[in-house]
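Working notes, structure below.
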Amino acid sequence: MKGVLQIKGASGREKKAPKELESVLNQYFGYSGFRGKQLEAIEAVLSGRDCFCLMPTGGGKSMCYQVPALVKTGIVLVISPLIALMENQVASLKNKGIPAEFLSSTQASHTKQRIHEDLDTGNPSLKLLYVTPELVATSGFMAKLKKLYNRGLLGLVAIDEAHCISTWGHDFRPSYRKLSSLRKQFPDIPLLALTATAVPKVQKDVISSLCLQNPVILRASFNRPNIFYEVRYKDLLDDVYSDISNLLKSSGNACSIIYCLERAACDDLSMHLSQQGVSSAAYHAGLNSKVRSSVLDDWLSSRTQVVVATVAFGYGIDRQDVRIVCHFNLPKSMESFYQESGRAGRDQRPSRSVLYYGLDDRRRMEFILRNPKINKAQPSSSSNELSEKALADFSQIVDYCESSSCRRKKIIESFGEKVQPTLCQRSCDACKHPNLVSSRLEELRRVPNCRFNKISPVFQSSVKPAHLDTEFWNREDEASISAEDISDSDDGNEVVSNIAISKVPAKAGLDAKFKALERAENAYYQGKGQTKQQGGGLADKKSISQTLRDACRKRLLDALGQAKLRLGNIPCDDEASATHLETECFKKYEKVGKTFYNSQIAATVRWLSSATSSQMHDRLHAVIDQTKDDGASGSPDIVPESPPASPKIVGTKPGETSNYEADVKPQHICKLGKRGHSDVSTEGAAASTGNMELPSIPTGNMVLPAIPTFREFLSQKGRDRAKSYSNSQPSGIRRKSSGQVDKEETSKRMKS
Ligand SMILES: Nc1ncnc2c1ncn2[C@@H]1O[C@H](COP(=O)(O)OP(=O)(O)OP(=O)(O)O)[C@@H](O)[C@H]1O
Ligand SMILES: [Mg+2]
């Protein structure tokens with residue numbers, strides 16, 4: 001290699017004048033001066049000190065160990081979390097004529113052998129060696145390092161992405177914890193810990209976990225002044241796909257990254273963008289490595305404008321001129337968001353971060369985060385603690401989106417840094433267009449509450465969501481590390497990566513997803529020690545208790561009393577009628593369980609609040625007949641009112657038109673018994689929720705609450721939302737037609 005400055009002794013002080021260091025920077029990297037804390041970090045390790053260096057994403061942390069490698073005796077060992085990251089840096093160093101290699105199971109054995117042979121020589125040619133934390137933990141590799149150290153050939157150990165060592169960090173990696181022995185193994189070799197994303201608690205944790213001794217602590221500001229931050233609200237957009245594609249088109253084919261939570265969403269969005277004329281490709285761990293590297297190559301060489309990716313597209317992607325980073329789904333924490341959005345504008349030129357906030361996305365992420373796998377590497381942490389922490393981290397992102405105050409300030413303060421009020425200079429949407437942001441948030445608040453709060457038992461469960469296909473960590477890369485490289489690896493316990501692994505193919509149709517949903521629901525009940533309805537009895541928790549039945553009968557009795565007040569005398573015994581109605585509900589749903597039973601009771605109460613006399617008569621005829629037969633009532637026969645002209649909606653207020661009228665489907669028509677007595681079809685065991693209005697069943701002159709199928713239940717919910725959302729929208733706001741919302745929301749829900 002050309003002109004490396006040779007200095008005696010790997011350890012100890014090897015001070016260099018800043019001018020000399022600058023000339024090395026210029027000679028090898030072509031940069032005229034150091035950025036941020038680079039020089040201080042380099043000087044610290046050259047003086048033999050441990051150093052903790054916190055610099056923003058794209059701040060140039062790599063230089064803090066690359067320059068020392070060129071001026072220091074011995075090899076710089078770089079510990080890095082991902083093979084992709086190592087490959088990328090090694091290739092770029094080699095291009096500059098700097099002898100660098102990485103060791104991983106992905107390399108051919110002859111390459112590995114060549115590297116090992118070089119390390120074994122008295123004077124290795126290598127200046128930088130990149131390895132995974134798993135490899136460092138193996139006894140074989142540690143022995144090799146010891147040999148290097150004993151021969152005075154280990155110059156510096158750099159731990160990149162050092163926040164991975166902390167369980168409080170956003171990408172905790174159990175194998176990083178093994179690095180705590182480095183300080184003891186190599187007492188006089190400087191350790192350099194580098195990270196962009198560490199709150200004060202994580203900073204302390206990193207320093208103590210690595211046992212850094214009297215380290216030089218360098219903290220640059222987290223501020224990325226060249227990034228404009230913006231949030232867009234999916235629920236207020238006509239068409240999020242068009243919005244994104246317009247955004248990308250208006251940027252003039254700029255290089256961009258879009259992050260999605262799920263693989264299927266990447267494929268889907270990439271397809272939509274391509275259809276709308278944006279050059280894009282999907283990238284996720286579900287694609288084979290050939291496809292992934294060709295996607296990456298095309299993007300790096302500008303043949304593709306946009307990569308639509310999961311977090312698999314992350315560390316190590318060092319394209320300097322990324323102009324836009326979009327989040328199509330919510331990131332899981334502010335740290336993840338900062339890392340990901342920080343991939344924009346590494347060349348320090350103006351760039352954008354656009355986060356698409358959706359209420360459904362929020363619920364989905366909350367569900368995922370509620371289900372962390374117990375991390376055995378941390379016996380003190382219960383799954384509840386982990387989940388609480390994850391939810392607390394996530395709430396910062398929700399706050400970022402749902403607040404009208406400066407986005408930049410929110411980001412920076414989340415890392416514990418104080419912010420001057422004048423810092424932003426209108427470089428976020430909230431500072432640039434405060435009125436617009438406030439009014440959008442107002443609109444968002446008018447989106448029905450149920451979107452925030454109503455979560456089905458499935459989504460609250462502690463079971464693994466079989467229908468989710470998310471990526472929080474690049475598993476593929478980890479999986480590619482062979483047993484040879486991983487000694488006693490505990491990555492199987494990794495918290496973040498195990499949260500959701502799909503068993504449903506990404507492109508599974510709606511039916512498959514329904515089935516998966518049902519399976520998840522079954523698993524939920526099993527997880528609760530309960531048996532779902534299939535063919536038999538219910539375990540205690542799900543069964544309909546006598547107390548519940550009595551309470552429901554009382555509820556029906558009250559509703560019946562109100563109905564009688566409204567309609568005048570109806571010749572039926574109240575107690576018997578309430579019992580009759582309750583028994584109907586019970587018979588229908590005793591095998592299914594109390595959720596459906598409760599819903600049916602609620603539907604019946606609503607029916608009682610709007611039924612006509614003739615409808616009451618028809619439904620309660622058995623009780624009325626009995627009353628008459630018993631001679632308990634001397635009232636004359638009821639003269640039925642005219643049947644409703646069109647099917648009515650149970651619970652619809654007088655004068656209110658409904659979207660449902662046209663939707664009553666033939667399969668719902670009840671079989672009529674004698675005198676119009678209904679026998680509601682039990683097809684599809686599902687029911688309304690307490691606040692859902694369901695289509696009634698027209699049966700001649702009678703209207704009964706319908707029992708929708710599971711599918712209808714979901715699409716009804718969509719219609720319901722669309723209706724109240726459109727009611728809540730001020731005129732002039734663009735909105736979807738209810739049918740459109742219905743279709744989209746149902747399919748969105750199913751995608752989740
Ligand atoms: N002094 C400098 N002057 C100009 N460009 C620099 C300088 N130092 C580094 N860079 C460039 O900045 C880019 C980002 O550097 P680097 O990858 O080291 O950032 P990082 O801090 O490690 O970011 P991340 O946190 O995302 O890993 C690289 O392309 C690098 O070559
Ligand atoms: Mg880096």
Side-chain angles (χ1 to χ4, degrees), residues 170-171 231-235 240-241 244 256-273 280-287 306-315 325-341 343 353-373 387 390-391 393-398 400-401 451 455 458-459 464-476 494-508 513 516-517 520 744-745 747-752:
H170 64 106
D171 268 335
V231 178
R232 296 191 181 190
Y233 300 95
K234 282 179 171 178
D235 300 77
V240 68
Y241 291 131
I244 264 198
S256 312
I257 305 172
I258 303 176
Y259 282 107
C260 298
L261 183 65
E262 295 154 309
R263 296 171 188 180
C266 297
D267 296 334
D268 196 42
L269 179 55
S270 170
M271 191 191 71
H272 272 85
L273 291 176
S280 74
Y283 183 106
H284 51 72
L287 301 168
V306 183
V307 169
V308 187
T310 60
V311 292
F313 195 74
Y315 292 134
V325 173
C326 274
H327 281 83
F328 187 65
N329 303 112
L330 286 167
K332 69 184 162 77
S333 66
M334 190 57 99
E335 286 147 304
S336 304
F337 173 63
Y338 180 73
Q339 278 276 359
E340 288 150 18
S341 61
R343 284 171 197 134
S353 154
V354 182
L355 195 162
Y356 282 85
Y357 178 64
L359 297 171
D360 278 348
D361 290 347
R362 171 189 164 171
R363 286 195 324 171
R364 192 179 340 162
M365 186 58 102
E366 282 169 350
F367 165 64
I368 293 167
L369 298 175
R370 253 186 221 115
N371 294 279
K373 195 180 166 191
S387 158
L391 285 164
D393 290 348
F394 180 61
S395 72
Q396 287 193 318
I397 275 291
V398 173
Y400 172 83
C401 298
R451 309 202 72 165
I455 301 175
V458 177
F459 294 110
K464 203 180 244 185
H467 56 295
L468 289 172
D469 194 4
T470 58
E471 282 170 30
F472 279 174
W473 186 269
N474 190 348
R475 292 296 289 171
E476 202 85 332
E494 205 174 300
V495 182
V496 289
S497 57
N498 284 304
I499 288 170
I501 297 161
S502 173
K503 292 195 178 74
V504 181
K507 286 177 183 161
K513 285 177 177 167
L517 197 58
E744 284 171 14
E745 302 237 337
S747 75
K748 256 198 268 172
R749 206 165 311 286
M750 285 306 94
K751 275 181 201 157
S752 71

Determine the minimum heavy-atom distance between Leu355 and Cys401, stating which atoms define it. CD2-SG, 3.7 Å
Let me see the working for Leu330 and Arg362 under side chain to side chain contact (heavy atoms under 4.5 Å, CB included), right down to the final yes or no. CA-CA 7 Å; Leu330 286 167; Arg362 171 189 164 171; 3.8 Å; yes
Say you draw a straight line from CG of Asp361 to CZ of Phe328; how long is it, rounded to the nearest 0.5 Å? 7.5 Å
Parallel, tilted or perpendicular, as decided by the 30° and 60° cut-offs, for the rings of Tyr400 and Phe337: tilted
Quick one, Tyr241 and Leu273 - any side-chain contact, counting heavy atoms below 4.5 Å? no
If we only count heavy atoms from C-beta on, is the Leu391 to Glu366 side-chain gap below 4.5 Å? yes
Rounded to the nearest 0.5 Å, the CD atom of Glu335 sits from the CG atom of Asp393 at a distance of 6.0 Å
Any side-chain heavy-atom pair of Asn329 and Tyr259 under 4.5 Å: no
Could you check whether any side-chain heavy atom of Tyr357 comes within less than 4.5 Å of a side-chain heavy atom of Val398, counting everything from C-beta outward? yes
If every non-hydrogen atom of Ala285 is compared with every non-hydrogen atom of Arg263, which pair is closest and at what distance? CB-NH2, 3.8 Å
Do Ile368 and Leu261 have side-chain heavy atoms sitting under 4.5 Å apart? yes
Give the minimum heavy-atom separation between Val308 and Leu269, together with the two atoms involved. CG1-CD2, 3.9 Å
Using only atom types and a distance under 3.5 Å, with no angle test, would you say the side chain of Ser280 pairs donor to acceptor with the backbone of Ser270? yes
Sequence neighbours excluded, the answer for side chain to side chain contact (heavy atoms under 4.5 Å, CB included) partners of Gln339 is Thr57, Glu161, His163, His170, Ala196, Thr197, Tyr315, Arg343
Cys260 and Cys266: which non-hydrogen atoms are nearest, and at how many Å? CB-SG, 3.7 Å
Applying ring-ring contact (aromatic ring centres under 6.0 Å, His included) to Tyr356 and not counting sequence neighbours gives none
For residues Glu340 and Pro331, report the shortest heavy-atom separation together with the two atoms involved. OE1-CB, 3.9 Å
To the nearest 0.5 Å, atom OG of Ser341 lies from atom CD1 of Ile257 at 10.5 Å
Can you confirm whether His284 sits close enough to Asp267 that some side-chain heavy atom of one is under 4.5 Å from a side-chain heavy atom of the other? yes
Measure across Ala282 and Leu287 and return the closest heavy-atom pair with its distance rounded to 0.1 Å. O-CD1, 3.4 Å
